[in-house]
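Please read these numbers as outputs of a predicted model, since none were measured by experiment. Only heavy atoms go into these numbers, but all of them, side chains included; no hydrogens, no water, no symmetry mates. So you know, we letter chains A, B, ... as the sequences are listed, proteins then strands, and number each from 1.
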Number of protein chains: 2
Amino acid sequence: MANAFIDKLRGFQFISADDARVLEAACPPARTFPARHDLIREGDKPGPLFLVLDGWACRYKLLHDGTRQILAFLMPGDFCDMHMSILNEMDHSIATLTTARVSMIPRVQLDALLDARPGIVRAFWWVQLVDEGTLRAQIVSMGRRRSIERVAHLMCELYIRMRNIGIADHDRADLPLTQIVLGDALGLTPVHVNRVLGRLRTLGIMELSGGVLTISDPPRLALIAGFDDNYLHRRLRIAA
Amino acid sequence: MANAFIDKLRGFQFISADDARVLEAACPPARTFPARHDLIREGDKPGPLFLVLDGWACRYKLLHDGTRQILAFLMPGDFCDMHMSILNEMDHSIATLTTARVSMIPRVQLDALLDARPGIVRAFWWVQLVDEGTLRAQIVSMGRRRSIERVAHLMCELYIRMRNIGIADHDRADLPLTQIVLGDALGLTPVHVNRVLGRLRTLGIMELSGGVLTISDPPRLALIAGFDDNYLHRRLRIAA
DNA sequence: CGGCCCCTTGAGCTGGTTCAAGAGATGTGG
DNA sequence: CCACATCTCTTGAACCAGCTCAAGGGGCCG
């Protein structure tokens, strides 16, 4: 897996072979960061565009009282952050959750790429819009789902996304997220996340332990979650 | 106010006079819709781009159990929906909340505009990114703020956004949102929204009644909300 | 004038939090 | 390679923010 990001664009057939080649050539060698390392912080000025090639990261925001809200999980093939090149300041931070390999495209080079290649603009825009759908899905979860549904929904989403990029087995996947991290993403306390996971385990639906997610009853999990994957926009039009 | 959308872009100095003229010329005469009218529904295929010129609308999603989650409020100058031209299907619906004047740019014309005018692409992308920041702020609210903070935060945001487009006085603004609508946006029951508004009124901080928002103690409201307007990205670079 | 929303308030309930404590895992330095 | 420190997971008990259910009043529109 040389470049998970381009694989993703290609996998969705949303970038031409030509554009993919140009984009890939623009990616400098990846750097490896340890877990819990901030790639960029709220308030920072424009920097390079990050592409997560391996490992996990997240967007998050710290509140005044020290609590953290995780806004999105970034897995191989996700990017962070387009914003930089258009807005003048980050309104949230991005950090690794595990050891992660990250490719960083300098902003100047990125701008040149976008000016020269409308196909790449389109591809990036598409990714952006899909990410936005994921944000909306999270709002729905936090506003209208109870804890067990919320946990189930996140597990469905992460599982599908992992399967899409080929890092999930039939019913198992490595998911190196602690219950604290899950709580910060779901707006729940880690204690309650623990109880909910225990309940799902007892029910024989899924299990998360030792960093491995095992879904033994996918239909029931999706039912509890009220999961509909339309927001992940997997079927789409070929780039114009 | 001929075209609130272009006024907004101009107000933020993010579009050239030339691009503004071209964009304005592309807007067909506005249509007026009654309140509670769906402009587009989840699952719909690409249609025209909507620009809200007058009145209020919202993005929302209905769940299986009939509950509704409002994802974003659209006021004059906001657009809905770029998604259409890139994704193949809406993952949420958009409806008017009040009588609203809406301009609809046909998609073919929009695509031509975007192809011919990189400046307009940039401007749209910027708006898109700002909207995304607003989504993230909502996630933070729902995940980490209690009801009174959440209500206060939404009021701060709406007030600032209204002031930015010139439809708010010094400490008053028309805000034609029912407590039911607010509840659907905030993930609270209308009953509880009522109690929280009552509390804020008793505290002498703000009042919402008869469709009019009056903020008598802005600093205290912002303090309760933990409000920081950085995510609205008002200071920004002039379009390249 | 009548019907339908919307707002308001009360009373009791409950899902999720808080606080606490111990056991298991993981990593680090000597 | 072991010892110790730190982080994570787990479970229990009490509490409380926000929900549910219910009922009455007010305003707007047909």
5' precedence on DNA chain D between R199(B) and V191(B) (nearest-nucleotide basis):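 So the residue in question is R199(B).
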Closer to the 5' end of DNA chain D via nearest nucleotide, is it I180(A) or H192(B)?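 Final value for this comparison: I180(A).
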[atom2] on [Y] to [atom1] on [X], rounded to 0.5 Å:
{"X": "I224(A)", "Y": "M155(A)", "atom1": "CD1", "atom2": "CE", "answer": "13.0 Å"}
{"X": "I167(A)", "Y": "D54(A)", "atom1": "CD1", "atom2": "CG", "answer": "8.5 Å"}
{"X": "K45(A)", "Y": "R107(A)", "atom1": "NZ", "atom2": "CZ", "answer": "12.0 Å"}
{"X": "F33(B)", "Y": "M104(B)", "atom1": "CZ", "atom2": "CE", "answer": "4.5 Å"}

Any base atoms under 4.0 Å from R146(A), or only sugar-phosphate, or nothing? Heavy atoms, all strands.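 Touches sugar-phosphate only.
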Within the structure shown, what part of the strands sits under 4.0 Å from G187(B) by heavy-atom distance: base, sugar-phosphate, or nothing?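 Sugar-phosphate, backbone atoms only, no base.
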If you go through the side-chain atoms of R150(A), does one of them form a donor-acceptor pair with the base of dG16(C) closer than 3.5 Å?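 Under the 3.5 Å cut-off, the side chain and the base do not form any donor-acceptor pair.
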Between [N] atom [atom2] and [X] atom [atom1], what is the distance in whole Å?
{"X": "L175(A)", "N": "dC9(D)", "atom1": "CG", "atom2": "C1'", "value": "16 Å"}
{"X": "L197(B)", "N": "dG18(D)", "atom1": "CG", "atom2": "P", "value": "13 Å"}
{"X": "D65(A)", "N": "dT18(C)", "atom1": "CG", "atom2": "C1'", "value": "15 Å"}
{"X": "L188(A)", "N": "dT18(C)", "atom1": "CG", "atom2": "C1'", "value": "14 Å"}
{"X": "N194(A)", "N": "dG24(C)", "atom1": "CG", "atom2": "C1'", "value": "13 Å"}
{"X": "Q179(A)", "N": "dT26(C)", "atom1": "CD", "atom2": "C1'", "value": "15 Å"}
{"X": "R144(B)", "N": "dG18(D)", "atom1": "CZ", "atom2": "P", "value": "14 Å"}

OP1 or OP2 of dA17(D) less than 4.0 angstrom from a side-chain nitrogen or oxygen of S147(B), does that happen here?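 Negative; the distance criterion is not met.
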Terminal helix-axis angle for the helix from dC1(C)-dG30(D) to dG30(C)-dC1(D), with five pairs defining each axis and rounding to 10 degrees: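 Result, rounded to 10 degrees: 50°.
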Within the distance-only criterion (no hydrogens, no angle test), does the side chain of [X] pair as donor or acceptor with the backbone N or O of [Y] below 3.5 angstrom?
{"X": "R161(A)", "Y": "F73(A)", "answer": "yes"}
{"X": "S103(B)", "Y": "A30(B)", "answer": "no"}
{"X": "R150(B)", "Y": "R145(B)", "answer": "yes"}
{"X": "T214(B)", "Y": "R172(B)", "answer": "no"}

Which residues in residues 201-215 of chain A have at least one heavy atom lying under 4.0 Å from any atom of DNA chain C?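 DNA chain C contact set from residues 201-215 of chain A: none.
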So, do L74(B) and F50(B) sit near enough that their side-chain heavy atoms are less than 4.5 Å apart?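 Result no, sub-4.5 Å side-chain heavy-atom pair not found.
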L221(B) versus F227(B): any side-chain heavy-atom pair under 4.5 Å?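 No, their side chains stay 4.5 Å or more apart.
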Pairs under 3.5 angstrom, nitrogen or oxygen only, protein versus nucleotides 27-30 of chain D, please.
none

Side chain to side chain donor-acceptor pair (under 3.5 Å), paired with D184(A), selected from Q69(A), Q179(A), R68(A):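 For D184(A), the side chain to side chain donor-acceptor pair (under 3.5 Å) test succeeds with only one of Q69(A), Q179(A), R68(A), which is R68(A).
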Which nucleotide, dG16(C), dT20(D), dA13(D), lies nearest any side-chain atom of R195(A)?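 My answer, after comparing the listed nucleotides, is dA13(D).
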Show the nearest heavy-atom pair for residues A100(A) and T96(A), with the distance to one decimal.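 Closest approach of A100(A) to T96(A), heavy atoms only: CB-CG2, 3.9 Å.
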